[in-house]
Amino acid sequence: MTKRACPFKETFSSQYKIHVGQHELSHSSVFGNKYRKEIYEKTTNLLFNGAKAVVGKIWTGEERSSHPEPASNQPLLKGQRLIGHDGRLTKATSAQGPATALTGCCACQKNQGSRTSCSQCDRPVCTPCTRQCSSCSTLCCSICTIIDYSGRYDEVLCCSCAT
């Protein structure tokens, strides 16, 4: 927003308090495009140099193990991969043992009540966390469903029907 005009007839231009910064120069000056190009080039150079430095550290670093383990004891979903120490995607080992098997509900993590399998992620789900898709009527866990609030009534949609 601009300053309001001086109500007096005499103006002393040397006493104006106007700050001209880089923003004003790059947007409303004669050399605005030149300043914008300089800023853009400087920013991209900084980004690329930073990325090269990070990638250089990752690729030259020692590999700690050939098969990285997940950080938590939760098993990975079907088709999920791990990011290794070298920055590459690796498949998780299929035999993870009984110590990491899910015994509770995948949504609330409780071990009580009966559980059914989610039709989207194939993990066990307790009855309160189960939702039925409005479109295809399959039973899914509350993680794999999306509630659509755009209509007159709320609709529960599974991930395959929501896309």
For C118, which of S142, C140, C158 qualifies under side-chain contact (heavy atoms from CB on, under 4.5 Å)?
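Looking at S142, C140, C158, the match for C118 under the side-chain contact (heavy atoms from CB on, under 4.5 Å) is C140.
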
Any pair with a residue in residues 129-140 that passes side-chain hydrogen bond (donor to acceptor under 3.5 Å, both in side chains), sequence neighbours left out, goes on the list, sorted by first then second residue, please.
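Pairs touching residues 129-140 that pass the test: R131-T145.
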
Check the pair T127, S114 against side-chain contact (heavy atoms from CB on, under 4.5 Å), reporting the backbone distance first and the verdict last.
CA-CA 7 Å; T127 307; S114 64; 3.9 Å; yes

Under a 4.5 Å cut-off applied to non-hydrogen side-chain atoms, are C129 and C141 in contact?
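Side-chain contact under 4.5 Å: no.
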
A side-chain contact here means heavy atoms from C-beta on lying under 4.5 Å apart; do P124 and S117 qualify?
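Of all side-chain heavy-atom pairs linking S117 with P124, none is under 4.5 Å.
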
To the nearest 0.5 angstrom, please state how far the CG atom of N33 sits from the CZ atom of R36.
4.5 Å

Measuring from Q109:CD to C126:SG, what's the distance to the nearest 0.5 Å?
10.0 Å

Nearest non-hydrogen partners of L157 and C133, listed with the distance
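So the minimum-distance heavy-atom pair works out to CA-SG, 3.9 Å.
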
Between R115 and K110, which heavy-atom pair has the shortest distance, and what is it?
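Answer, listing the atom of R115 first, then K110: NH1-O, 4.4 Å.
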
Starting from V156, walk the hydrophobic network (Ile, Leu, Val, Met, Phe, Trp, Tyr; side-chain heavy atoms closer than 4.5 Å) and list everyone else you reach, by chain and number.
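When side chains under 4.5 Å apart are linked, the cluster holding V156 also contains I147, Y149.
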
May I have the list of side-chain donor-acceptor pairs in residues 37-44 shorter than 3.5 Å, sequence neighbours left out?
residue: T43; atom: OG1; partner: I39; partner atom: O; Å: 2.8
residue: T44; atom: OG1; partner: Y40; partner atom: O; Å: 3.1
residue: T44; atom: OG1; partner: E41; partner atom: O; Å: 3.0

Under the rule for side chain to side chain contact (heavy atoms under 4.5 Å, CB included), what residues qualify as partners of C159, not counting sequence neighbours?
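Partners of C159 by the side chain to side chain contact (heavy atoms under 4.5 Å, CB included) criterion, ordered by chain and then number, come out as Q120, C144.
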
